[in-house]
Amino acid sequence: MTSPTYTAATAPDRDGLAAAVFTGLTPGTRYWWAVELDGTLETGHLGTFRTLPAPGEPTSFSFAAASCADTNSNADSFADAAARTGPTGEPALFTVHLGDMHYQDIGTDDPAWALAAWLNALGQPNQAALYAAAPLAYTWSDHDFGGSNVAADSPAAAAVQAVYRRLVPSHPLPGDGAGIYQSWQVGRVLFVMTDGRSYASPITAPDTATKTKLGAAQKAWLKDQFAAPGVGLVIWCHEDAWHNASTFTGDDTWSAYATERAELAAYIQANDVPLLYVHGDVHALSHDDGSHVPGRFPLISVSPWDQTTFIGNGALTSGFYPDPVSTTVKSQQYGWFDVLDNGTQIVVRALGIADGQVVLRTEMSWGITRHLGWGIPCDRAEVRCPMTPPSASSRAFWLTSAPTSATTSPRSTPAWTRSSCGTCTPPTGPPSNSGWRGWNARPRPRAQPRAPRSTAASAPCSPRSWPGSCSPCC
Ligand SMILES: [Fe+2]
């Protein structure tokens, strides 16, 4: 390493753990790091990461996600994810681990055991290589929270919650010191990662309005995240399945919390949340386009890193991989996501990878954000140029006055207001909520419009390729 920047020296704690915080980094920049121990550079532990781009900037990137690795797994799936690159030529910007990092089921309030269980996993060469090659965003499931199908009353809860904070780097944890729910934004994509155990009612409790998987505070936080301004897509990373049609013996997924699931589904639909749900726990690769899903949003199942396989009892549009599943043979699988944002449309190309081969491929896009009406930064003003011809699946329009019910009909043809190509002309102020609609959108429930992201009256735009008659266009 040449011209390194050193952090302050840190003394390892009683367990040999030390943390360093790098500050003053440049957004969207790759860095490499290493540890110097008593004056000697540990060259065998070189890590790298790319800092996240500034929130709101259209950005293309890739990430990996999966759950469920057998205790002390050194599966090739980790090495494959570490070596893979996306269409930008870059490796994963980060890896999302959706729980069951081990299956030790410690079942007791023993911080030393909790720490040892995680250190054993992190010490496996292929896992260590992946977590050194890209930042890790990690939430637990049941087995690494203490035992099969445990909830908030897991005897190991206090131990794992405390050790997680000592061992695992994370985005800021907004909770009460127990849960580990967190969020982070990459360009116009907001990631929310929930904690399905720390506040969960026992799975055998009656499924009433008081039964919860998230707890009141986390659920309120999640709803706020869903309503965040300036976001074109929310990717909700949760450990377990949303879609199961009915409960089954030992079911700890959302179908055992169907009342709360219905509440969240109604909120998501009422607020037109542009959502992709990514989960593990089901030990299989799968995808649904929303047609089998409460709330009608797409979801992806990405599992297992290294485990035997099962699929629960739900039906999904893509089916499951492998098929048939096996209770004796382990599969090594993960999900790979290419997120492509051209400033107008966000495309997610999701791959299911098994034994290094792509076995599932699906592509989704979100073209009209629900936040258009709250200020359009210069580089997104192209939405005011009509596409030719307008299509039912991607279309936006600009109204200069509050629409009547007729003009907001999805089947009506509102008058277009064209912006001149080559310049952006943001609205002079935040239009009223009722003055804007995306395709098939419903009235906004919030009374107060959000502040515009750009207040410039006119600004130059970078020419960009645009289909139809308005190219190049800002
Ligand atoms: Fe699992």
Side-chain angles (χ1 to χ4, degrees), residues 64-78 81 95-107 114 117-118 120-122 124 126-127 130-131 136-152 154 156-157 160 164 168 180 193-198 200 203 213 236-244 247-257 277-286 299-314 316 320-335 352-354 360:
S67 73
C68 303
D70 205 358
T71 300
N72 297 343
S73 171
N74 193 39
D76 289 342
S77 47
F78 297 106
T95 298
V96 178
H97 198 306
L98 292 160
D100 288 354
M101 188 178 277
H102 62 75
Y103 284 71
Q104 292 211 21
D105 295 343
I106 66 173
W118 271 322
N120 285 340
L122 297 172
Q124 303 308 310
N126 284 345
Q127 289 202 60
L130 175 59
Y131 308 146
L136 173 67
Y138 167 46
T139 189
W140 44 54
S141 187
D142 52 345
H143 293 284
D144 42 1
F145 195 68
S148 183
N149 296 337
V150 293
S154 166
V160 298
Y164 181 99
V168 181
I180 56 169
M193 189 167 72
T194 35
D195 178 343
R197 302 291 160 177
S198 292
I203 65 170
K213 191 181 252 303
W236 179 10
C237 303
H238 187 81
E239 48 141 318
D240 59 14
W242 174 268
H243 64 275
N244 283 326
T247 56
F248 49 89
T249 301
D251 181 15
D252 61 343
T253 74
W254 280 102
S255 57
Y257 299 79
Y277 184 87
V278 179
H279 72 92
D281 190 54
V282 169
H283 290 189
L285 299 167
S286 192
L299 60 76
I300 302 276
S301 171
V302 286
S303 185
W305 283 118
D306 183 23
Q307 261 298 359
T308 54
T309 48
F310 72 95
I311 59 173
N313 66 357
L316 296 177
F320 294 87
Y321 189 92
D323 183 9
V325 294
S326 172
T327 58
T328 56
V329 178
K330 292 192 293 185
S331 291
Q332 290 77 38
Q333 308 184 153
Y334 67 97
I353 296 169
L360 180 150

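Below, all heavy atoms of this structure are taken into account, side chains as well, without hydrogens, waters or symmetry copies. Every number for a ligand or one of its atoms is a count from 1 in the order of the listing.
Taking the six-membered ring wherever Trp is involved, the centroid distance between the rings of W254 and H238 falls below 6.0 Å.
Checked against side-chain contact (heavy atoms from CB on, under 4.5 Å), A157 has the following partners two or more places apart in sequence or in another chain: F145, S154, Q161. Residues satisfying the salt bridge (charged side-chain N to carboxylate O under 4.0 Å, His left out) test with D251, not counting sequence neighbours, are none.
Going from atom CG of L299 over to atom CH2 of W236 covers 11.0 Å, rounded to the nearest 0.5 Å.
No side-chain heavy atom of S331 sits less than 4.5 Å from a side-chain heavy atom of H283.
Listing protein N, O or S atoms at distances below 2.8 Å from the Fe ion (ligand 1), with waters left out, gives C68 SG, D100 OD2, Y103 OH, H283 NE2.
Within the structure, every pair that satisfies the salt bridge (charged side-chain N to carboxylate O under 4.0 Å, His left out) test and touches residues 323-334, not counting sequence neighbours, is listed here: D70-K330, D306-K330.
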